[in-house]
Amino acid sequence: MAKSTPATRTLFGPARKDYLESMRPRSSLALALKSGLPARWEVTPGLVSYEDGLARMERETQDIARGDAPELIWLLEHPPLYTAGTSARDADLVIPARFPVHHTGRGGQYTYHGPGQRVAYVMLDLRKRGQDVRAFVAGLESWLIGTLAAFNVKGERREDRVGVWVRRPEKGPGIEDKIAAIGIRVRHAVTFHGISLNVEPDLSHFSGIVPCGVKDHGVTSLVDLGLPVSMADADAALHVAYRGIFG
């Protein structure tokens with residue numbers, strides 16, 4: 001039986017082996033992540049300020065926890081900014097004045113958001129989805145990996161680092177780039193924050209931080225991999241892959 005979810009907790013995946021092991025066998029736990037009730041699926045055009053995004057997440061998660069609103073998957077883009085998770089280290093903010101820095105309650109370290117990156121804020125009620133936070137995070141990874149597969153990109157998990165990675169043998173032996181990030185928080189069994197997928201962001205903007213504290217590997221995007229993928233294409237693939245994992 002899954003343990004009950006604390007009132008507030010964060011998870012960004014440092015305990016890689018634990019929750020990767022928790023997803024074996026994946027089929028039964030993936031089934032537990034599905035809910036019989038559909039979540040709202042919303043795409044906001046243009047750029048949403050981080051302050052407005054956070055304020056809406058706070059309102060929505062409260063309503064979901066009370067049973068006053070259905071779950072929500074909110075897709076958006078932010079203007080260029082950095083966010084600092086609960087494990088962020090000062091030394092990883094390389095150029096502090098480059099973009100606004102927002103300290104947030106999600107798990108993890110520093111990450112970048114900006115135009116061309118699809119952010120999906122995932123507000124799901126874990127009371128309806130097995131109440132297993134580690135399985136939920138692994139489900140988010142599976143969602144991203146399934147989305148990438150729609151474009152014939154092999155996304156992979158790594159035990160020693162968070163996010164979803166692609167191998168770049170053309171850059172050298174063992175080189176991998178991060179194409180998607182995960183950072184969540186859970187309050188009263190409802191998740192918020194979520195995932196980000198690099199579709200066509202300005203990758204030079206990542207140089208102002210050490211993304212997620214990982215120095216030995218880089219970042220990439222679907223367009224950087226040579227794929228002419230639009231944001232609408234990415235959204236369609238995200239929607240299909242989401243249904244396979246979360247229903």
Side-chain angles (χ1 to χ4, degrees), residues 2 5 9-35 39 41 71 73-75 83 85-87 106-109 111-113 117-124 126 129-168 176-186 191-199 211-214 217-222 225 229 234-235 237-247:
T5 306
R9 66 180 296 182
T10 59
L11 182 63
F12 197 77
R16 302 291 301 155
K17 293 182 180 179
D18 288 345
Y19 75 75
L20 285 175
E21 187 62 32
S22 78
M23 285 300 286
R24 299 187 180 100
R26 294 186 187 281
S27 56
S28 60
L29 280 170
L31 184 63
L33 289 172
K34 293 184 178 181
S35 172
W41 188 272
E71 299 168 307
I73 309 298
W74 183 23
L75 276 61
T83 65
T86 54
S87 302
R106 65 157 175 81
Q109 302 183 39
T111 194
Y112 165 78
H113 294 312
Q117 181 191 73
R118 174 53 82 210
V119 172
Y121 287 136
V122 182
M123 289 161 267
L124 298 181
L126 294 185
R129 299 178 182 272
Q131 299 197 94
D132 188 328
V133 179
R134 292 176 298 177
F136 170 71
V137 173
L140 294 178
E141 289 180 323
S142 294
W143 178 21
L144 287 163
I145 290 169
T147 299
L148 293 170
F151 304 106
N152 295 315
V153 174
K154 185 179 181 181
E156 300 182 54
R157 300 171 170 91
R158 291 292 174 260
E159 291 189 0
D160 59 337
R161 39 195 150 90
V162 298
V164 175
W165 300 80
V166 294
R167 303 187 188 204
R168 304 301 301 272
E176 299 179 337
D177 284 343
K178 189 173 189 176
I179 195 167
I182 299 171
I184 71 162
R185 189 174 181 182
V186 181
T191 68
F192 57 120
H193 298 282
I195 64 172
S196 60
L197 173 64
N198 295 336
V199 179
C212 300
V214 178
H217 299 277
V219 291
T220 190
S221 69
L222 288 167
L225 293 174
V229 177
D235 289 349
L238 281 164
H239 200 180
V240 171
Y242 170 87
R243 292 175 64 185
I245 303 298
F246 296 103

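All of these numbers come straight from a predicted model, not from anything done at the bench.
- Screening V164, L225, T220, V229 for a side-chain contact (heavy atoms from CB on, under 4.5 Å) with V153, the sole residue that qualifies is L225.
- Between A234 and L197, the shortest heavy-atom distance links the atoms CB-CD2, 4.5 Å.
- R158 and E156 are joined by a salt bridge, as a carboxylate oxygen and a charged side-chain nitrogen come within less than 4.0 angstrom of each other.
- In this structure, CD on E71 lies 8.5 Å from CG on L126, to the nearest 0.5 angstrom.
- You'll find the side chain of M123 reaches within 4.5 Å of the side chain of W74, heavy atoms only.
- The nearest pair of heavy atoms linking A135 to L33 is O-CD1, 3.7 Å.
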Verify side chain to side chain contact (heavy atoms under 4.5 Å, CB included) between I184 and V122, making sure each step is shown before the conclusion.
-> CA-CA 8 Å; I184 71 162; V122 182; over 6 Å; no
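- Here the closest heavy-atom approach between residue H217 and residue W165 is recorded as CB-CZ3, 3.5 Å.
- Annotation for I245 and G139: closest pair CG2-O, 3.6 Å, computed over non-hydrogen atoms.
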Take K178 and V162 through the side chain to side chain contact (heavy atoms under 4.5 Å, CB included) test and state the conclusion after the steps.
-> CA-CA 9 Å; K178 189 173 189 176; V162 298; 3.7 Å; yes
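- For the side-chain contact (heavy atoms from CB on, under 4.5 Å) with R118, the qualifying choice from N198, V199, I195 is V199, the only one to do so.
- Distance alone, capped at 3.5 Å, is enough to place a donor-acceptor pair between the R129 side chain and the F246 backbone.
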Pairs of donor and acceptor atoms involving the side chains of residues 143-151, under 3.5 Å and at least two apart or interchain, shall be tabulated with distances.
from : atom 1 : to   : atom 2 : distance (Å)
W143 : NE1    : L238 : O      : 2.8
T147 : OG1    : W143 : O      : 2.9

Under the side chain to side chain contact (heavy atoms under 4.5 Å, CB included) criterion, do D177 and V219 qualify, and how do the steps go?
-> CA-CA 5 Å; D177 284 343; V219 291; 5.6 Å; no
Step-by-step side chain to side chain contact (heavy atoms under 4.5 Å, CB included) determination, R167 to E176 | CA-CA 4 Å; R167 303 187 188 204; E176 299 179 337; 3.8 Å; yes
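- Rounding to the nearest 0.5 angstrom, the gap separating the OH atom in Y121 from the OG atom in S196 is 9.0 Å.
- Shortest non-hydrogen contact noted between S87 and Q109 is O-CG, 3.5 Å.
- Between S221 and Q117, the closest side-chain pair of non-hydrogen atoms is not below 4.5 Å.
- Although no hydrogens or angles enter the test, the distance criterion places no donor-acceptor pair under 3.5 Å between the side chain of R185 and the main chain of R106.
- For the atom pair NE2 of H193 and OG1 of T111, the computed distance is 12.5 Å after rounding to the nearest 0.5 Å.
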